[in-house]
Amino acid sequence: MPYAKELRIAQLAVQRATLLTKSVFHTTAKGTVSKEDHSPVTVGDFGAQALIISALRHHFPDDEIVAEEEAAELIANKPLSERIWSYVQATMLEDESAEQELGGPIQSEQEMLDAIDMGKSPGGAKGRIWAIDPIDGTKGFLRGGQYAVCLALMVDGDVKVGVLGCPNLPVDDSAPLDAHAGENQTDAEGKGVIFSAVLGEGATSGALSRGALSKEAPIHMKPIEDITQATFCESVESGHSSHSDQAAIAKLLGITKPSVRMDSQAKYGSIARGAGDLYLRLPVRADYEEKIWDHAAGDLIVREAGGEVTDVTGKRLDFTLGRTLKANKGVVAAPKAVHGKILEAVKQVLSSK
Ligand SMILES: Nc1ncnc2c1ncn2[C@@H]1O[C@H](COP(=O)(O)O)[C@@H](OP(=O)(O)O)[C@H]1O
Ligand SMILES: [Mg+2]
């Protein structure tokens, strides 16, 4: 299979980083720091990013990395840095040979800070570039809801490999999503799934456990026979996508079920496995540029599961333009057969505003 090594390392790196986020979740001091744009960042974001980058550096030293976080604020905050270091040191895969495969532990706090800062690539249209979101849906993570550890490899601007670790989604692909999918899912039994895809090879899901990764199964979007019965997913945060526009689109399509609100790229994974049908992300602010790390893995996983992912104008997401999707506005993800129909409704609602 093409990209077999990249996929294997990405899956193990995501699995290990997810373990760190789970142990951070169980402490009261998650160490929230507020970034310039007021989005939260926790000990878990920094620690997970360090672990993923150290594995990528070990195996693919020449690849570039675009990652969400930077070490600057940690260098100015020694106690926070030490706290992150203690989680990084304590996090290891149960499967010792897999841990060795990742290149073993990070050796020092300084090495950890250096790793965190290796994600500053400007991105672009050429070469091998990894995109990392160590905790996507940080707000969901903090409230015990959905979040995802996200990793994707782009080659010349094309997403080739995508992996999403979703510790609070059910393992069972056929478990229905209800309107409370994003609430208090905190690692109960039967939770934790890893979604993966390689371009041209399909998408899969598997259990995200502490031990060796289980055998994965192919996933597919659910064919929609009657659009009025569809379940659509949207962000919990009304600042990230327009709940009112999404409600208007659903109404126009005759959808009667309430939307399923959940944080993070768990939405892409959920529709890819057929637990939900559509994902709508209508822009709130005209000037917001979506970040590549918030979409690269999910975009590939949905497309490989039989879906189509575009922006609100019908253009494919364009990962060649740097750290953001500056040529796109919003996201519309749906099974191929109905995507055109959904897009018509999107355009109609937007043009009537
Ligand atoms: N105004 C905005 N519009 C769209 N997305 C935004 C936004 N402000 C922040 N975001 C992004 O929305 C992501 C979460 O998406 P969702 O709402 O689907 O959970 C955040 O990722 P992080 O949680 O990694 O910071 C952040 O990058
Ligand atoms: Mg994110």
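Whatever order the structure lists ligands and atoms in, that order sets their numbers, starting from 1. In this text the structure is predicted, and so the values were computed from the model without any measurement.
- At least one N/O/S atom of Asp133, from backbone or side chain, sits under 2.8 Å from the Mg ion (ligand 2).
- Look at Lys120 and Asp117 and you find a salt bridge, because one of the NZ, NE, NH1 or NH2 atoms lies within 4.0 Å of a carboxylate O, short of that distance.
- Side-chain rings of Tyr279 and Tyr268 approach one another, their centers coming within less than 6.0 Å.
- Other residues, nucleotides and ligands place more than 12 heavy atoms under 6.0 Å from the NZ atom of Lys5.
- Atoms of ligand 1 lying under 4.0 Å from at least one heavy atom of Asp133, given by number and element, are 24 (O).
- Atoms of ligand 1 lying under 4.0 Å from any heavy atom of Glu68, numbered from 1 in the order shown and given with element: 24 (O), 25 (O).
- Sorting the N, O or S atoms of Asp294 by how far they are from the Mg ion (ligand 2) puts OD1 first.
- A cation-pi contact, defined as under 6.0 Å to the ring centre and within 45° of the axis, is absent between Arg273 and Phe195.
- Between Lys326 and Glu290 there is no salt bridge, since no side-chain nitrogen of the basic residue lies less than 4.0 Å from a carboxylate oxygen of the acidic one.
- Side-chain contact between Ile132 and Val66 is absent, with no heavy-atom pair separated by less than 4.5 Å.
- At a threshold of 4.0 Å, the pair Asp62-Arg128 does not count as salt-bridged, since none of the basic side-chain nitrogens sits closer than that to a carboxylate oxygen.
- Heavy-atom proximity to Gly137, at under 4.0 Å, picks out these atoms of ligand 1: 22 (P), 23 (O), 24 (O).
- For ligand 1, the atoms lying closer than 4.0 Å to a non-hydrogen atom of Lys267 are 16 (P), 18 (O), 19 (O).
- Ionic pairing of Glu109 and Lys78 is present here: one or more N-O contacts between side-chain nitrogen and carboxylate oxygen are shorter than 4.0 angstrom.
- Note: no N/O pair closer than 3.5 Å links Val236 and ligand 1 by distance alone.
- A salt bridge is absent between Asp311 and Arg316; no separation between the charged side-chain nitrogens and carboxylate oxygens falls under 4.0 Å.
- Residue contact annotation: Val41 has no non-hydrogen atom under 4.0 Å from ligand 1.
- For the residues Tyr288, Tyr147, Trp293, Tyr279, the heavy atom positioned nearest atom 3 (N) of ligand 1 is part of Tyr288.
- Grouping the Ile, Leu, Val, Met, Phe, Trp and Tyr side chains by contacts below 4.5 angstrom, directly or via other members, places Val302 with Met154.
- Using a 4.0 Å cut-off between charged nitrogen and carboxylate oxygen, Lys139 and Glu237 count as a salt-bridge pair.
- The distance from ligand 1 to the heavy atoms of Gly239 drops below 4.0 Å at these ligand atoms: 1 (N), 2 (C), 3 (N).
- Contacts between Lys139 and ligand 1, counted as non-hydrogen atom pairs separated by less than 4.0 Å, are absent for every part of the residue.
- For Thr138, heavy-atom contacts with ligand 1 shorter than 4.0 Å involve the backbone as well as the side chain.
- Within the structure, ligand 1 lacks Met262 among the residues with a heavy atom less than 4.0 angstrom away.
- For ligand 1, the atoms lying closer than 4.0 Å to a non-hydrogen atom of Ser264 are 16 (P), 18 (O), 19 (O).
- In the candidate list Gln265, Arg281, Glu237, Arg281 is nearest to atom 12 (O) of ligand 1, counting heavy atoms.
- Interface atoms of ligand 1 facing Ser235, defined by a heavy-atom separation under 4.0 Å, are 16 (P), 17 (O), 18 (O).
- Summary: OD1 is the N/O/S atom of Asp136 found nearest to the Mg ion (ligand 2).
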